[in-house]
Amino acid sequence: MSEVMQETGWAKINLALHVRARRSDGYHEIETLFAFVDGGDGIVAEVAEADRLTIVGEFAEGLSAGGDNLVLQVLTLLRARYGAERVPPLAVTLTKALPVAAGVGGGSADAAATARLVRRHFLPELGDAVLARIISPLGADIAACVASATCLGVGVGEELSAVPELRLGGTPVLLVNPCQPVATGPVFAAWDGIDRGELFGDPAGRAQLLAARNDLQRPATAQCPAIADVLLELGALRPWLARMSGSGATCFALFDAAAERDAAAVSLAQSHPHWWQMAGALR
């Protein structure tokens, strides 16, 4: 019986996201602060005769398990570079615990988790930078998901740098989604084109994070008005920061203490039982 391999696709959030310009290739120049939560999708794999993907879990419905899924595309990319002798076929089970089209990097996180799993078991010599470079053509935020650590992303989000001065690891966080998918493309397309300035000066700090913003929050709320309801409810629970992540519709709240986060989670579960939520801490 072959070894069972496991990895987690950690939930990604954008603590801030400043859109600076539209590019001629259809993408946008952004500045964003990525952070990752200590929970997410589950990846389990075994060596098999051919690549195979099975998707289960709360948000599995409607997802393709074919060759267009990023999990299988990662395997194809790594095998094309290192050969089938080093990257054998895998039977993968993906447990979707994160909502889809939700601004928490689900697909990218799953792709990065698959790449980390392959590296740990078959390509241990690869560092994060090399691994990210190989699989980053699959998505702009996949590079950040490889390390799944707080970092500043510029360009289209793939140029990464550390921000150790923020010291956010262990911060209690609550993610909330109104269970309404939001398409990324239309949200970016609806950005008003106004450059409202850089994300961080030098040095970066908590005060600057509080003064930052998500420039996609307004166009995303126009597409999904429930985002405004989520943020209103979160703000009333007195976190030190509440904001929308990515292009929505997931919002997050950061708290000073786990007890405050847990009380907020209970309150929201009672008042909005149909909203999805996940409590955790920043990695």
Side-chain angles (χ1 to χ4, degrees), residues 11-37 102-105 108 132 136 139-145 147-169 171 173 175-176 182-225 227-232 234-235 238-256 282:
K12 177 270 308 178
I13 58 175
N14 303 84
L15 295 178
L17 196 164
H18 290 200
V19 185
R20 305 300 305 276
R22 285 194 176 92
R23 298 178 7 162
S24 59
D25 61 3
Y27 288 91
H28 292 72
E29 292 288 333
I30 67 170
E31 297 174 0
T32 186
L33 183 64
F34 291 111
F36 292 83
V37 183
V104 290
S108 296
S136 60
D141 56 358
I142 285 182
C145 291
S148 288
T150 301
C151 61
L152 181 66
V154 299
V156 296
E158 85 290 6
E159 301 172 28
L160 308 174
S161 58
V163 280
E165 59 271 27
L166 285 177
R167 299 184 181 89
L168 294 172
T171 300
V173 59
L175 305 186
V176 180
V182 174
T184 297
V187 172
F188 268 102
W191 173 59
D192 60 13
I194 298 174
D195 179 1
R196 294 176 172 83
E198 65 182 356
L199 173 54
F200 284 135
D202 188 21
R206 180 162 162 169
Q208 288 174 298
L209 175 59
L210 288 168
R213 61 191 184 271
N214 184 340
D215 285 329
L216 299 181
Q217 192 166 299
R218 181 175 294 178
T221 302
Q223 184 182 138
C224 177
I227 292 170
D229 299 330
V230 173
L231 288 171
L232 183 65
L234 284 175
R238 304 180 67 83
W240 64 263
L241 178 64
R243 195 169 280 156
M244 188 187 81
S245 176
S247 56
T250 302
C251 301
F252 64 88
L254 302 183
F255 295 87
D256 287 316
L282 297 185

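Side chains included, hydrogens not; waters and symmetry mates left out as well; all remaining heavy atoms used.
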- Task: Look only at the side chain of Ser245 and the backbone of Gly103, and say whether a donor-acceptor pair between them is shorter than 3.5 Å.
- Result: yes
- Message: Taking Val37's backbone N and O only, do any of them form a donor-acceptor pair with Lys12's side chain (distance below 3.5 Å, no angle check)?
- Response: no
- Query: Looking at OG of Ser108 and CD1 of Ile142, how far apart are the two atoms once the value is rounded to the nearest 0.5 Å?
  - Reply: 4.5 Å
- Query: Got a donor-acceptor contact below 3.5 angstrom from the Gln223 side chain to the Ala220 backbone?
  - Reply: no
- Applying side-chain hydrogen bond (donor to acceptor under 3.5 Å, both in side chains), name anything that partners Asp229, two or more places apart in sequence or on another chain. none
- Task: Apply the test side chain to side chain contact (heavy atoms under 4.5 Å, CB included) to residues Leu15 and Phe252: give CA-CA distance (whole Å), side-chain angles for both, the deciding distance (0.1 Å), then the verdict.
- Result: CA-CA 8 Å; Leu15 295 178; Phe252 64 88; 3.7 Å; yes
- Item | Heavy-atom closest contact (Leu234 atom, Ala253 atom, distance) | CD2-CB, 3.9 Å
- Work out which heavy atom in Gly153 is nearest to a heavy atom in Leu160; give both atom names and the distance. CA-CD2, 3.9 Å
- Item | side chain to side chain contact (heavy atoms under 4.5 Å, CB included) assessment of Phe36 paired with Cys145 | CA-CA 8 Å; Phe36 292 83; Cys145 291; 3.8 Å; yes
- Task: Can you spot which of Leu17, Val163, Ile13 makes a side-chain contact (heavy atoms from CB on, under 4.5 Å) with Leu33?
- Result: Val163
- Message: Between Pro239 and Leu254, is there a side-chain heavy-atom distance shorter than 4.5 Å?
- Response: no
- Does any N or O in the side chain of Arg22 come within less than 3.5 Å of the main-chain N or O of Trp191, such that one atom is a donor and the other an acceptor? yes
- When you measure from the side chain of Arg218 to the backbone N and O of Asp192, does any donor-acceptor pair fall under 3.5 Å? no
- How far apart are the C-alpha atoms of Arg167 and Arg206, what are their side-chain angles, what is the distance that settles it, and do they pass the side chain to side chain contact (heavy atoms under 4.5 Å, CB included) test? CA-CA 9 Å; Arg167 299 184 181 89; Arg206 180 162 162 169; over 6 Å; no
- Task: Quick one: closest heavy-atom pair of Val182 and Val187, and the distance?
- Result: CG1-CG2, 3.5 Å
- Task: Hey, could you give me the CD/CD distance between Glu198 and Glu31, rounded to the nearest 0.5 Å?
- Result: 6.5 Å
- Task: For Asn14 and Ala16, indicate whether the former's side chain and the latter's backbone hold a donor-acceptor pair under 3.5 Å.
- Result: no
- Item | Heavy-atom closest contact (Met244 atom, Gln217 atom, distance) | N-OE1, 3.3 Å
- Message: Applying side-chain hydrogen bond (donor to acceptor under 3.5 Å, both in side chains), can you list everything that pairs with Glu29, at least two apart in sequence or on another chain?
- Response: Arg23
- Reported OG-to-CG distance for the pair Ser247 and Leu216, which is rounded to 0.5 angstrom: 6.5 Å
- Over all heavy atoms of both residues, which pair between Gly246 and Asn214 is shortest? Give the atoms and the distance, please. O-ND2, 2.9 Å
- Note on the structure: Residues at least two apart in sequence or cross-chain that pass side-chain hydrogen bond (donor to acceptor under 3.5 Å, both in side chains) with Arg213, listed by chain then number, are His18, Asp215
- Item | Greater than 12 external heavy atoms within 6.0 Å of Arg238's CZ | no
- Message: Using a 3.5 Å distance criterion without hydrogens, assess whether the side chain of Thr171 forms a donor-acceptor pair with backbone atoms of Leu168.
- Response: yes
- Between Arg243 and Leu209, does a side chain to side chain contact (heavy atoms under 4.5 Å, CB included) hold up when you go through it step by step? CA-CA 11 Å; Arg243 195 169 280 156; Leu209 175 59; 4.0 Å; yes
- Inter-residue atom distance Leu282.CG - Ser148.OG, 0.5 Å rounding: 12.0 Å
- So, for Ala212 and Leu199, which heavy atoms are closest and what is the spacing to 0.1 Å? CB-CD1, 3.5 Å
- Message: Using a 3.5 Å distance criterion without hydrogens, assess whether the side chain of Gln208 forms a donor-acceptor pair with backbone atoms of Phe200.
- Response: no
